[in-house]
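By convention in this document, chain letters (A, B, ...) are assigned in the order of the sequence lines, proteins followed by strands, and residues within each chain are numbered from 1. Everything numeric here is computed off the predicted structure, so don't read it as measured data.
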Amino acid sequence: MRSSLCLTSNLQGSNPLMAFGSGSLVWFRKGLRIHDNPALEFASKGTDFLYPVFVVDPHYMKPDPDAFSPGSSLAGLNRIRFLLESLVDLDSNLKKLGSRLLVLKGEPGEVIIRCLEQWNVKKLCFEYDTEPYYQAMDVRVKEYASAAGIEVFSPVSHTLFNPADIIQKNGGKPPLTYQSFLKLAGQPSWASCPLSITSTSLPPVGDFGNCKISEVPTVTELGYEDTGQDELTPFRGGESEALKRLRDSISDNQWVANFEKPKGDPSAFLKPATTVLSPYLKFGCLSSRYFYQCLQDIYKNVKKHTSPPVSLVGQLLWREFFYTVAFGTPNFDQMKDSRICKQIPWNNNEDLLAAWRDARTGYPWIDAIMVQLRKWGWMHHLARHCVACFLTRGDLFVHWEKGRDVFGRLLIDSDWAINNGNWLWLSCSSFFYQYNRIYSPVSFGKKYDPNGEYIRHFLPVLKDMPKEYIYEPWTAPLSIQTKAKCIVGKDYPRPVVFHDSASKECKRRMGEAYALNQKLNGLVSEQDLHSLRRKLDEDQNHDDTKAKRQRQKLIG
DNA sequence: TTTTCGTTGTTCTT
DNA sequence: AAGAACAACGAAAA
């Protein structure tokens, strides 16, 4: 039915040759690569024309002047730039194979359906995506395609495993611990045969009629002002860069074999302690399966190597773990109505949140990390732990969803499942429950970087502060502050909270919240939370008054 | 029902 | 550099 309609319209079109061929559309969203790309490979087979499409969603790309940092309403400029660089590289790699990237603009689902209406497409191919945003969009597109008689091919290639398989193996529920995930997962099904990582040539691009096709836009074309180079991330996007980075990272077999994540130095910034492949995995510039295969090849050739969870393969499996739980858990990205999330009476203090977000908590270790996040869009895993713990259960007791949003905007590797999973983890809302283990905003950084070089680099206002005071500048005598040209309270903020008392109060609140969750068997209503919050605030005021009275007694 | 174990804490002691 | 105390949760296995 549809093909005959298409034939008619093509015969009437400007290019009568189109009537004698049919095309495939490969829709890029993530998976911005040529190597190990099953959707691209399948789309290219047995077809006369290939339409490689990326849809620029203005909602994701358009400048939002109200946002707290340059960028759109959803993404910081660093990530938008990284995406554009990845698209330019994809276009250039497609051109080497005789094709090109067709860039369209609009709401992606609608645009793809319009393309399917107007072009002679027999096959629609795109990588399967487990995020709720794509799940909803893909249902609509698939419905349209099948009604129109178009074959849809949507392979799982963003992850090593199909999260749905793991969940099914576990009786319909996702595993909630890493170890149980490992047992269920085993070896990936594709691991026994080599992946397809080279492509010789691609079919020519089909006629796109009067559809508005453009080149990959520049940030300026999207409406962003030129910003200083020192404000931008040092990491460049794209498959070529990803493969180069991969080769560099794994060139030293011993380094790969001995890799242990928890032993990395979060303050290393000249040469980060990890691979920094996460942004490339996020956009699929690097295939996680290819990375996995490379690592397995190395493990085969060394005497001994580290294992999950700490090894490099272990890191890839963490990603799988969070993808699986995220896919199998309704409302994974919020506290309310989440089966796995502890109900905790977080406060709603906008001032504390803003101080954390804008790197003015008064704790140099925390603020330096937040500056690195703002400028680079990337920090070491443990650095993320420190600031996430500080914002939530450690010091400020601000809701993890607020921190999640800030990371979600500013990180170039921000990934829905992993970002939410880690915030759940660090806030002791799920997966991890040892709320007494709090990262010290002073001593944790110090043990890696006693001289405070990391702080001096990202907070130049403190660059002349002696190392004795650089983690706690408010303790420096005024003469030292003057000499360092940094007066606390004027040039650099006083601490927003005292860590000792704040963390103690946080622990108390976590303890009471846990007790309530246990008592109510996890079914904590908003009313229950509200009452607990009021009780906790009253207790705190009571304690504060008592302390004040004691202090006065001592003075008097 | 009980036991085991958990990617990456801090601080003090030896 | 390594170990103990701290305080003590939940998921999964037994």
Side-chain angles (χ1 to χ4, degrees), chain A residues 166-167 169-185 258-268 272-275 278 305-322 324-325 328-329 338-344 363 365-366 369 379-390 392-395 418 421-448 450 471-472 499-504 506-522 524:
Chain A
I166 309 262
I167 291 165
K169 264 194 207 169
N170 198 40
K173 280 189 174 169
L176 292 176
T177 64
Y178 184 79
Q179 296 302 334
S180 60
F181 169 83
L182 284 187
K183 275 190 197 141
L184 286 164
N258 297 326
F259 183 92
E260 281 184 70
K261 186 69 164 275
K263 294 206 175 148
D265 176 358
S267 69
T274 53
T275 61
S278 54
H305 60 82
T306 53
S307 297
V310 297
S311 65
L312 272 174
V313 158
Q315 306 313 302
L316 277 175
L317 293 167
W318 276 107
R319 177 172 178 267
E320 301 292 314
F321 170 66
F322 284 128
T324 305
V325 185
T329 308
S338 166
R339 192 175 63 76
I340 65 165
C341 183
K342 282 252 179 297
Q343 304 299 304
I344 293 165
Y363 286 90
W365 172 244
I366 299 297
I369 294 167
M379 328 79 109
H380 186 276
H381 190 62
L382 289 179
R384 300 181 194 203
H385 279 211
C386 287
V387 295
C389 178
F390 186 87
T392 57
R393 66 181 170 85
D395 289 85
I418 300 170
N422 277 313
W423 277 96
L424 283 162
W425 185 294
L426 261 299
S427 64
C428 282
S429 295
S430 200
F431 309 116
F432 174 78
Y433 308 95
Q434 302 290 98
Y435 56 79
N436 285 307
R437 295 186 181 177
I438 293 173
Y439 291 89
S440 162
V442 173
S443 48
F444 189 83
K446 215 185 253 178
K447 76 182 171 205
Y448 294 95
Y471 283 87
E472 297 164 283
H499 175 66
D500 278 358
S501 52
S503 61
K504 212 171 267 172
C506 283
K507 282 184 220 172
R508 196 173 68 84
R509 287 176 180 245
M510 291 299 286
E512 297 238 14
Y514 267 48
L516 184 67
N517 277 265
Q518 193 162 48
K519 189 176 125 202
L520 300 178
N521 204 12
V524 182

Sugar-phosphate atoms are those with a prime plus P, OP1 and OP2; base atoms are the rest. Using that split, label each nucleotide of nucleotides 4-14 of chain B B, S or - for protein heavy atoms under 4.0 Å, 5' to 3'. ---BBBSS---
Any residue of residues 513-521 of chain A with a heavy atom less than 4.0 Å from an atom of DNA chain B: none
Distance check, rounded to the nearest 0.5 Å: Phe321(A) atom CZ versus Ile418(A) atom CD1? 12.0 Å
For DNA chain C, what is the dot-bracket line, given that a base pair needs Watson-Crick (N1 to N3, plus N6-O4 or O6-N4) or G-U wobble (N1-O2 and O6-N3) geometry with both distances under 3.5 Å, and | means paired with another strand? ||||||..||||||
Using whole Å, what does the distance between atom P of nucleotide dC9(C) and atom CD1 of Ile344(A) come to? 14 Å
Working to the nearest 0.5 Å, report the span between SG of Cys386(A) and CZ of Phe390(A). 10.5 Å
Which word best sums up how the rings of Phe322(A) and Phe431(A) line up, parallel for under 30°, tilted for 30 to 60°, or perpendicular for over 60°? perpendicular
Excluding sequence neighbours, so at least two apart, what forms ring-ring contact (aromatic ring centres under 6.0 Å, His included) with Tyr439(A)? His385(A), Phe444(A)
Closest contact, heavy atoms only, Pro309(A) versus Gln179(A): CD-NE2, 4.2 Å
Spacing of the P atoms in dA7(C) and dG6(B) (rounded, Å): 23 Å
Report the distance from atom CD1 of Ile344(A) to atom SG of Cys428(A), rounding to the nearest 0.5 Å. 7.5 Å
Please collect all salt bridge (Lys or Arg N to Asp or Glu O under 4.0 Å) contacts where either partner lies in residues 433-447 of chain A, sequence neighbours excluded, each pair once. Lys446(A)-Glu472(A)
What's Lys342(A) touching, base or sugar-phosphate or nothing? Going by heavy atoms closer than 4.0 Å. sugar-phosphate
Separation between CZ of Arg339(A) and SG of Cys341(A), rounded to the nearest 0.5 Å: 12.0 Å
Where do Tyr471(A) and Val442(A) come nearest, in terms of heavy atoms and distance? CD2-O, 3.5 Å
Without decimals, in angstroms, what is the distance between Tyr435(A) OH and dC6(C) P? 16 Å
What pair of heavy atoms forms the shortest contact from Ala273(A) to Ala268(A), and how long is it? N-CB, 4.2 Å
Can you see whether Tyr514(A) has Lys342(A) sitting over its ring - NZ or CZ less than 6.0 Å from the centre and within 45° of the normal? yes
Rounding to 0.5 Å, atoms CD1 (Ile366(A)) and CG (Asp395(A)) come to a distance of 7.5 Å
Separation between CH2 of Trp423(A) and OG1 of Thr392(A), rounded to the nearest 0.5 Å: 6.0 Å
Between dA8(C) and dA4(C) - C1' atom distance, rounded Å: 16 Å
Using a cut-off of under 3.5 Å, enumerate the N/O to N/O pairs linking the protein to nucleotides 3-5 of chain C.
none

